[in-house]
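Throughout, a chain's letter reflects where its sequence line sits, starting with A, and its residues are numbered from 1. For clarity, every value in this text was computed on a predicted model and none was experimentally measured.
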4 protein chains.
Amino acid sequence: MNIHSLHKIRLFSADLKRWVIKKLSRNSSDKYNLILNAAIKVFAENGFFYSTVSQIAREAGVADGTIYLYFKSKEDILLQFFNCRTQEVFDRFRTEVEKAGNAREKLVNLIRRHLEEFQHDRAMAIVFQSEARVKSRLNGRLDKYVKDLSKKYMDLVGEIIELGQAEGSIRKDVYISLAKRLVLGSVDEVISTWVNTGGHYDMASMAEPLVDLYFKGIGSTKTAAVQ
Amino acid sequence: MNIHSLHKIRLFSADLKRWVIKKLSRNSSDKYNLILNAAIKVFAENGFFYSTVSQIAREAGVADGTIYLYFKSKEDILLQFFNCRTQEVFDRFRTEVEKAGNAREKLVNLIRRHLEEFQHDRAMAIVFQSEARVKSRLNGRLDKYVKDLSKKYMDLVGEIIELGQAEGSIRKDVYISLAKRLVLGSVDEVISTWVNTGGHYDMASMAEPLVDLYFKGIGSTKTAAVQ
Amino acid sequence: MNIHSLHKIRLFSADLKRWVIKKLSRNSSDKYNLILNAAIKVFAENGFFYSTVSQIAREAGVADGTIYLYFKSKEDILLQFFNCRTQEVFDRFRTEVEKAGNAREKLVNLIRRHLEEFQHDRAMAIVFQSEARVKSRLNGRLDKYVKDLSKKYMDLVGEIIELGQAEGSIRKDVYISLAKRLVLGSVDEVISTWVNTGGHYDMASMAEPLVDLYFKGIGSTKTAAVQ
Amino acid sequence: MNIHSLHKIRLFSADLKRWVIKKLSRNSSDKYNLILNAAIKVFAENGFFYSTVSQIAREAGVADGTIYLYFKSKEDILLQFFNCRTQEVFDRFRTEVEKAGNAREKLVNLIRRHLEEFQHDRAMAIVFQSEARVKSRLNGRLDKYVKDLSKKYMDLVGEIIELGQAEGSIRKDVYISLAKRLVLGSVDEVISTWVNTGGHYDMASMAEPLVDLYFKGIGSTKTAAVQ
DNA sequence: AATGAATGAGGTTTCATTCAT
DNA sequence: GATGAATGAAACCTCATTCAT
């Protein structure tokens, strides 16, 4: 009996436990999501590059090789995350926007939903905030999704602003592409701050004050009027 | 003490002087910066994790081993970038802010300088935007610099806003921490967009319109007044 | 609890049984020993520091990476050698000692077995003689095993000598700790010589003459008596 | 001013001190021995393989390159140690042996001197005990010296034993080559133990008891007589 | 479909040695 | 002779991926 054997025995009981839990709890068809969720969790903890396929497999309770039955590669997992997970989320943004009657409400709904979704799934928020901008060989394909998503978001905000201009609630002389970046940038920053400080407070309630700031600006009425 | 001793002492101090001059004048900074710049360029092209030390060495025109005379590790290069490069830049931000007389001008100066600096060194901009948020083992020490810098920036914006409130140019009821995130977030987004679209247009000229947007908001005067 | 549930439970326990059997029966010991033996052979030829992991892998007929499934590092291989291989051998020493009835026979059995074991596995002998004393960073952990083993051996010899003194076959005024070093040192030297000269002659047969020398000394009877 | 600069400045004062000490204390001709001694000290601390040429240079207060003016390579330093240092020591053994009148005294003188020399220079003792047996590519040339030295020692002991037999103080039926290994092995073991336990006690005084043990053996007179 | 032992390419890093000053 | 910055070969080790079971 050597150290190697001893180590194996220790692992054995941990594995046994995992095996029982897995057998008892799973209906064996949703492996794709099981792995994807495990991966997001692992990526959120260690970052994509410092996460290993084995870690993901362990977290998911499957064998390393199993992952390759559902994903082409480690990079593909991240790709799928950006592709389908964030698409789903974005679709819910749209629904929420459509519920509102005017530009301001639409913007509040969009941002509130955005903050809610990210607040609800912190691992997703971390991965999104951390990995979306990473410059990497993934870029070719990752960019495709990230830029697409970003564009959709921008377009959605653009539509709302144009609606507001038509309604008369938003100034006609607003430089739209700048306004869009103002919105997306500040929401992004709010989420980043939330993520970096541990994610313990309620972010969604910041939607209303944020939109208020967009509309009124920080200038005093007098100043604004004078200009 | 005889003449012989005296002579020895004279020689000694001549040698000492020569030794000190040599030690102090060797501008090892040359190669340090040579390598750092090469690394930033390579990181900007491939991303930190997909860059190899050999690539950096080739770009700098030195041997692989030479890099380890100036940096502890590959990670250390990125750390040094965030530590000294960005500190230098930030110091110039402060100078620019101090030049202006009122809050609005200070904000314009800060943002214009920010955009100018990043525009001036696109590789730096790319690395900063890409790697600063990456969740990694680096984080422990990288975060130290990134968070520190971010805090300094936030504090600077905070001071400006408070000044504006004292001046009467900024509303007293502005939720300061939100306003700060509005500013940092939108500037960040402007830079990211610039980087992602190839960095071919003039970003610095967007400082004035951006600040205008902060002050006046996007809301039409009527709406703002009504609320 | 219905029939369906019952069926599931039956299947479950069948699976559980299969899983446990599989886990326990995999004889990973095979490859562990395959690699360990290959390493000992390579170490014996080149010395630990001049042996490369690739050489060991080639000798074992596995890929370089495979080695790291069974050993933490190159150093760990040497550590495992000292830990388990030499422990096994030492246990056989003890058994051999217990077989004998008196001190002299015990000493002969111990030494004969010692010489036999090393003679039987020349690579082991070489590695043991060469690497056990090496001053290195390994020392921290290597020493643990080597000193422990050395102490056990010393204690065993000490017990035998004390037994001899009780029996009356060994002088009461013998400085025990010196006598122990006499025994261990000379056996060590006999093995070293055997190793260095190519290991072609029978070492085990030297046990009896050696012990004879210990007991009678080199002095002529007359001299001994006179003193 | 970055971390790199700071580090350099810290090193500067250490270097300055070293430079002054060196200039003041040395007569610049005995570099060979200066380096050799420094190397022995470093080898004793870290072992040959974990010692770097830079460490030796620092310990000697010379530049790395200077070492190669006096030694062909790192290995050559160890070689020179075994070649000249131990030869010198061995020559003193011979002188000591010649001083004595009979075999027993000669043996005591030899061993006492041996223990004294090693006790006097612990670093030498450590390096000799640790590195002499290391199986390495050095072997080709290192062995030459080590084996030669070992043979000389063995021959010296052999001569003494033969003298003793002629004198009548040593049994005629002693298996000489075994007796030689008994002597060398036990002295070696005594030194190893002394080195490993920190080298704080007086080893030289063990020469007399050791030789006593060689002559009288451990057996009780009665037993010895009976056999 | 699921497994996980085995693979081996390729990365980071060290350090003995050289050579221009 | 002396220096020490620069070199680059070569080592250890990791881990994404494969494939026989």
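Atom CZ of C/F49 is separated from atom C1' of E/dA16 by 16 Å (rounded to the nearest Å). With rounding to whole Å, D/Q55 atom CD is found 12 Å from E/dT14 atom C1'. One interatomic measurement links the two molecules: CD1 of B/I77 to P of E/dT13, which rounds to 9 Å at whole-angstrom precision. If you take CD1 of B/I67 and C1' of E/dG11, they are 13 Å apart, rounded to a whole angstrom. In this structure, the NZ atom of D/K72 is 17 Å from the C1' atom of E/dT18, given to the nearest Å. Whole-Å rounding puts the C/I35 CD1 to E/dT7 C1' distance at 12 Å. Rounded to an integer number of Å, the gap from B/K74 NZ to F/dC13 P is 19 Å. As a whole-Å value, the separation of A/Y50 OH from E/dT12 C1' is 11 Å.
Counted by atom type alone, A/Y32 and A/Q80 present one or more donor-acceptor pairs between their side chains at under 3.5 Å.
Between C/F48 and D/F49, the distance from one ring center to the other does not fall under 6.0 angstrom. The six-membered or imidazole ring of D/F81 lies away from that of D/F43, with a centre-to-centre distance of 6.0 Å or more.
A donor-acceptor contact shorter than 3.5 Å is absent between the side chain of A/N83 and the backbone of A/L79.
The partner of E/dA20, taking Watson-Crick or G-U wobble pairs whose two distances both stay under 3.5 Å, is F/dT3. E/dA1 makes up no base pair with any nucleotide shown, lacking Watson-Crick or G-U wobble contacts both under 3.5 Å.
Nearest-nucleotide mapping onto DNA chain F: of B/G61 and C/S54, the residue sitting toward the 5' end is B/G61. Positionally, the nearest nucleotide of DNA chain E for C/D64 lies more toward the 5' end than for the other of C/D64 and D/D64.
With E/dT17, E/dT12, F/dA11 as the choices, the nucleotide that has an atom nearest any side-chain atom of B/V53 turns out to be E/dT12. Side-chain atoms of C/A63 lie closest to E/dG8 of the nucleotides E/dA16, E/dT13, E/dG8. Set against F/dG1, F/dT17, F/dT7, the side chain of B/T66 has F/dT7 as its closest nucleotide. For B/L69, the listed nucleotide lying nearest its side chain is F/dT7; candidates were F/dT7, F/dA16, E/dT12.
Phosphate contact (OP1/OP2 of F/dT14, side-chain N/O of C/Y68, threshold under 4.0 Å): absent. OP1 or OP2 of E/dA2 lies within a sub-4.0 Å distance of a side-chain N or O belonging to A/Y70. Contact check, A/K31 against E/dA2: a side-chain N or O comes under 4.0 Å of OP1 or OP2.
Here CZ of B/F71 is found 9.0 Å from CD1 of B/I56. Values are rounded to the nearest 0.5 Å.
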